[in-house]
Each structure stands twice: as structure tokens, then as C-alpha cells.
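From a predicted model like this one, the values you see are computed outputs, not experimental measurements. Computed from heavy atoms alone, side chains included, the values below leave out hydrogens, waters and symmetry copies. Order of listing sets the numbers, starting from 1, for every ligand and every atom in it.
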Amino acid sequence: MIFDGHNDLLARLWMSSHRDPVDQFLHHTLEGQMDLRRCRQGRMYGGLFAIFVPPLKYVKTHASHKLTSMAHSQADFTIAQRHDICTAQIDYALEIEYRSQGAVKICRDIADIHLCMKNQCLAMVLHLEGAEALTNVSQLDDWYAKGLRSVGLLWNEPSQFGHGLQGKFPHSPDTGLGLTDLGQQWVVECEKRRMLVDVSHMNEQAFWHTQQLLTQPIVATHSNIHKLCPQARNLLDSQLNAIKVSHGVVGLNFDTAFLRADGQRNIQTPYSVMFAHFDYLFEYLGETGVAFGSDYDGGFMSKYWPSVDYFPRLIDALSDYGYSDIRIANICHKNWYTVLHRIWASLNK
Ligand SMILES: [Zn+2]
């Protein structure tokens with residue numbers, strides 16, 4: 001049974017040119033790396049589903065049908081456009097839940113997650129990756145009411161919440177200033193609502209700002225080890241220690257560019273490259289801090305783990321590698337469950 005810390009399904013549904021992408025997700029095979037059938041084959045019972053506005057340049061190349069004539073001439077999306085795109089993705093999640101007839105559930109608290117584990121329905125926890133679209137906390141409350149339970153304030157570019165990380169390689173995570181005053185206020189606002197605050201796309205200073213403000217566990221939903229792959233987005237030992245002290249979790253990102261020492265997108269990447277990151281995480285975080293954060297539908301994967309239905313093979317490989325059943329259960333679902341429980345503990349529906 002798998003709970004996965006990060007996927008970009010909703011952004012892909014938004015970019016799809018299909019007439020009815022929700023129907024494709026629920027009943028057919030979607031282009032990309034996941035749909036309901038493959039989630040079941042992969043024994044994936046849930047995960048954090050990102051709401052994410054892709055860079056305009058990317059949308060121009062890969063999904064230009066989504067753009068108005070005005071957007072074609074813009075350099076970047078406006079805040080209002082971002083808001084509409086995020087809302088459209090939240091609507092996709094709600095529509096999936098509604099049309100799935102119980103097969104998919106948007107989870108708002110730990111009881112919902114528990115129900116999904118018991119009934120084998122797919123647990124969607126809605127996560128916002130990059131909060132540029134939000135201009136005030138009442139909008140955050142609107143999305144909270146629709147099911148949003150996790151926020152990554154920043155993506156790669158600078159915003160009203162903080163300075164950019166930019167995903168440079170090779171580069172240290174120290175890419176400049178951290179959170180703005182507003183960004184710091186919003187960390188507190190998210191924690192007040194018992195939402196997860198994700199540090200995965202924060203530069204080093206933003207990470208430490210967040211660490212100082214949070215009393216809840218620190219989560220990096222999809223990040224890897226900087227010492228093994230010197231991508232600016234990966235975590236330093238000092239950051240891992242802070243995550244451990246907070247009883248937090250790191251979800252391992254499967255994108256080969258965040259795993260390999262050469263930072264390459266390489267389809268031939270073997271399990272051993274991924275497992276070195278797992279070993280390192282266990283050494284620093286102990287048994288309770290390590291989980292999956294695959295980045296399916298958003299990452300460049302190896303031929304050994306190209307899509308969610310390959311999870312069982314990955315688990316067999318971890319077992320062959322020598323990981324105990326207990327450790328594998330911790331990675332697969334227990335550690336996400338525990339940290340969600342901790343953060344949502346006082347949450348009432
Ligand atoms: Zn990401």
C-alpha cells in the first residue's frame with residue numbers, strides 16, 4: 001500500500017487536450033504517468049496531489065490550446081490568470097471525486113485517510129505548489145473549504161512570498177534571500193489552519209525562515225540529498241537534521257535529474273542511484289522520516305520506474321536490496337500517515 005508525497009496529475013489534466021480528461025483518468029488510460037487503473041496496479045492508495053501553474057513558456061509549447069490570444073503575447077501569467085488555473089485544477093479534483101462513485105476521495109482529515117485505507121479508495125490530499133495566485137488569506141480559506149490541506153508557498157521563481165530557487169545545477173541551495181515578510185506571515189497562517197507547509201521548493205534561507213516559524217513537523221514533499229546530487233533544490237545535511245528534530249518527513253523525488261550525481265535526465269538510471277538517497281535519508285532521519293515523493297506526472301523518470309504502476313517492482317527491489325518489511329511499510333505509507341496525523345491532530349471537519 002503506497003501513499004505518495006507528490007504528483008502533478010491535476011496540472012496535467014488541466015493541460016490535456018482531451019475532451020473529457022476526468023473520464024480518461026477514471027476509466028481509461030491517460031497519456032502521462034498515472035491514471036486510476038495504474039494507481040490501483042501500483043497499489044497506491046493515496047498521495048498529495050499538487051495544484052500547480054506551469055511556466056507560461058512551457059504551456060505555450062505543450063498546451064497552447066489553454067491560452068487566450070492575450071496570454072500568447074505575455075511574458076508570464078498574471079495573478080488573476082494563475083488564480084483561474086488553480087481553481088480549474090481544484091475543480092478537476094472535485095469532479096474526479098464526484099464522478100468516481102466512491103473510488104476517489106478528497107481527504108480533509110486523518111479520518112478520511114483512514115477510511116480510504118480501509119475501503120481501498122484513492123485518497124487525494126490537495127497541495128498547492130507555488131502560492132502566487134493567492135493575494136489574501138480569505139482566498140486561502142476558500143480553497144481550504146474546497147479541501148486544500150498543504151501549501152508550498154514558493155516554486156522556482158521569485159514571488160510576493162519569497163526569492164527564487166531556480167533549480168540550478170550544480171549549485172548550493174543558497175540562491176539568495178529567503179521569505180519576504182509576507183511569506184513569513186503566510187507560514188504562520190498556514191500553520192494556524194493546521195495545513196502542511198512544504199519546504200521542497202525553498203532556497204536555503206527560506207527553509208531556515210520557515211524552520212524558525214513552524215512548530216509543526218517540517219515536510220519536504222519531494223526532495224533529495226544535495227551531497228549525492230548537487231541540485232539547488234536538494235537538501236543539505238543541516239536541513240535534514242532540522243527536519244529530524246521537528247519529527248518531519250522527506251518524500252524522495254524519483255526524477256532522475258534530482259537523483260543522479262551528474263544531474264542528468266537519463267532513462268537508464270538504475271535503482272542503485274535512488275537507493276543511495278534512501279540509505280542517506282535513513283541515516284539522517286531514522287526510520288520515521290523517510291517516504292515517497294515521486295513527482296509522477298511532473299518528473300523525468302527512469303525506465304525502471306516510468307509510471308505509478310511500477311511501485312510494486314520498486315518495492316520488490318527494495319526488499320532484494322535488504323530493506324526489512326517494517327522499513328518498507330514505513331516508506332510506503334506509515335510515515336506519511338503519522339506526520340499528517342501529527343499536523344492535522346487538532347483539526348475538526
Ligand atoms: Zn515540485
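Here H6 does not reach the Zn ion (ligand 1): none of its N/O/S atoms is less than 2.8 Å from the metal.
Looking only at side-chain heavy atoms (C-beta outward), Y310 and Y304 stay at 4.5 Å or farther from each other.
Neither side chain, D255 nor Y296, offers a donor N or O lying under 3.5 Å from an acceptor on the other.
To the nearest 10 degrees, the Zn ion (ligand 1) sees NE2 of H201 and OE2 of E129 at an angle of 90°.
Within H222, the N/O/S atom positioned nearest the Zn ion (ligand 1) carries the name NE2.
Between H222 and H6, the angle of the ring planes stays under 30°, which puts this pair in the parallel group of the 30/60° scheme.
Taking the centre and axis of the six-membered ring of F258, the NZ or CZ atom of R233 falls inside the cone set by 45° and 6.0 Å.
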